[in-house]
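Predicted model, so just to flag it, every value in this text is computed and none were measured.
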Amino acid sequence: MRIDKAIESSMMMDDATWARHASPWSFWTRVPIMVLFALAIWSRVWIGWWSLVPIGLVIAWTLVNPRAFSPPASLDSWASRVVLGERYWLARKAAPIPSHHTTAAMILSVLSGLSVIPMAYGLWVLDPWATFAGAMLASVFKLWFGDRMAWLYADMTQRPEPEQSGDQQT
């Protein structure tokens, strides 16, 4: 199973959940999750085992977030288009997407994943710069991936204008 499909499956995303997740509130409140997760893990320095509370809260928010907001009244925002593009991305085996999107999205996903390495190292040895750099890089690559998903959505939803014949009816 592909990792992206495994993540979607673990999040139990159905059509209603995707509709709610398309809310800009849902998108923008997910953006700081990586930094908050790093901070929650770092909190072990200050509060010891009690750090499991903020770690659990961040994990819980990650799972609840797609369901926490009402579906948006409009899907015109960039954040909504990112989420809708993600659906095309996840369904790319059933409905192929343009190859230039596949290549770019895969590269950005790998870069985002690799960015977790300095963050994890920083959290292990308590190096704030490595932690911050890794969390920021992962977030930047994730946002760039999101921008690619908005572009994918635009490409997948473009419909050619119907050709008009010379004998139009009015």
Side-chain angles (χ1 to χ4, degrees), residues 1-13 17-18 20-44 51 54-69 72 75 77-157:
M1 177 182 273
R2 294 186 340 236
I3 190 146
D4 53 353
K5 291 301 276 183
I7 292 169
E8 179 191 23
S9 178
S10 71
M11 298 284 291
M12 298 171 280
M13 301 286 285
T17 304
W18 277 105
R20 296 171 76 87
H21 187 37
S23 166
W25 281 99
S26 177
F27 177 86
W28 290 113
T29 56
R30 284 181 76 85
V31 169
I33 284 177
M34 185 64 72
V35 173
L36 292 173
F37 190 62
L39 187 61
I41 293 171
W42 192 282
S43 74
R44 77 187 192 278
S51 66
I55 291 168
L57 289 172
V58 172
I59 292 170
W61 177 246
T62 302
L63 297 172
V64 169
N65 174 281
R67 297 158 185 81
F69 302 97
L75 297 173
S77 76
W78 178 81
S80 295
R81 292 191 314 266
V82 168
V83 172
L84 297 171
E86 244 183 323
R87 289 203 77 183
Y88 282 110
W89 170 252
L90 291 170
R92 68 188 179 277
K93 295 292 182 191
I97 63 173
S99 63
H100 63 281
H101 288 300
T102 302
T103 303
M106 292 301 283
I107 290 169
L108 291 168
S109 294
V110 167
L111 289 172
S112 183
L114 290 174
S115 299
V116 174
I117 294 170
M119 184 182 93
Y121 169 79
L123 289 167
W124 183 264
V125 300
L126 298 176
D127 179 342
W129 294 109
T131 303
F132 180 76
M136 286 292 98
L137 282 171
S139 297
V140 165
F141 288 128
K142 181 63 178 165
L143 284 170
W144 194 352
F145 175 87
D147 189 57
R148 198 67 194 209
M149 293 299 101
W151 183 3
L152 172 62
Y153 175 73
D155 283 358
M156 296 297 284
T157 57

Do [X] and [Y] come within less than 4.5 Å of each other through their side chains, counting heavy atoms only?
X: Arg87; Y: His21; answer: no
X: Leu152; Y: Arg92; answer: no
X: Thr29; Y: Asn65; answer: yes
X: Ser115; Y: Lys142; answer: no

What are the two closest non-hydrogen atoms of [X] and [Y], and how far apart are they?
X: Pro96; Y: Ala94; answer: CD-O, 3.8 Å
X: Leu123; Y: Arg44; answer: O-NH2, 2.7 Å
X: Trp89; Y: Thr102; answer: CZ3-CA, 3.7 Å
X: Ser43; Y: Ser51; answer: OG-CB, 3.1 Å
X: Leu143; Y: Phe27; answer: CD2-CZ, 4.0 Å

Spatial distance of atom [atom1] ([X]) from atom [atom2] ([Y]) [nearest 0.5 Å]:
X: Leu108; Y: Phe141; atom1: CG; atom2: CZ; value: 7.5 Å
X: Leu114; Y: Ile117; atom1: CG; atom2: CD1; value: 5.0 Å
X: Arg67; Y: Met13; atom1: CZ; atom2: CE; value: 6.5 Å
X: Leu57; Y: Leu36; atom1: CG; atom2: CG; value: 10.5 Å
X: Thr131; Y: Ile41; atom1: OG1; atom2: CD1; value: 9.0 Å
X: Leu84; Y: Met149; atom1: CG; atom2: CE; value: 12.0 Å

Tell me if a side-chain donor or acceptor on [X] pairs with a main-chain N or O of [Y] at a distance below 3.5 Å.
X: Arg30; Y: Thr62; result: yes
X: Ser23; Y: Arg20; result: no
X: Ser112; Y: Ser109; result: no

Note to self: Parallel, tilted or perpendicular: which one describes the rings of Phe132 and Trp129, with boundaries at 30° and 60°?
What the structure shows: perpendicular
Check: Is there a side-chain contact (heavy atoms from CB on, under 4.5 Å) between Met119 and Met34 once you walk through the steps?
Finding: CA-CA 10 Å; Met119 184 182 93; Met34 185 64 72; 3.5 Å; yes
Next item on the list: For Trp78, look at atom CH2 and say whether over 12 heavy atoms of other residues, nucleotides or ligands are found less than 6.0 Å away.
Entry: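 Atom CH2 in Trp78 is crowded, with more than 12 foreign heavy atoms closer than 6.0 Å.
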Checklist line | Heavy atoms of other groups near Trp25 CH2, more than 12 under 6.0 Å | finding: no
Next item on the list: Test Leu75 against Arg81 for side-chain contact (heavy atoms from CB on, under 4.5 Å), laying out the working first.
Entry: CA-CA 7 Å; Leu75 297 173; Arg81 292 191 314 266; over 6 Å; no
Notebook entry, point to check: When you check the side-chain N and O atoms of Ser80 and Ser77, is any donor under 3.5 Å from an acceptor?
Noted result: yes
Item checked: CA sep, side-chain torsions, deciding dist, call: Thr157, Tyr88, side-chain contact (heavy atoms from CB on, under 4.5 Å) -> CA-CA 10 Å; Thr157 57; Tyr88 282 110; 3.6 Å; yes
Note to self: If you apply the rule side-chain contact (heavy atoms from CB on, under 4.5 Å), what do you find for Trp144 with Ile107, and how did you get there?
What the structure shows: CA-CA 11 Å; Trp144 194 352; Ile107 290 169; over 6 Å; no
Check: Can you name the side-chain hydrogen bond (donor to acceptor under 3.5 Å, both in side chains) partners of Trp42, sequence neighbours left out?
Finding: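 None.
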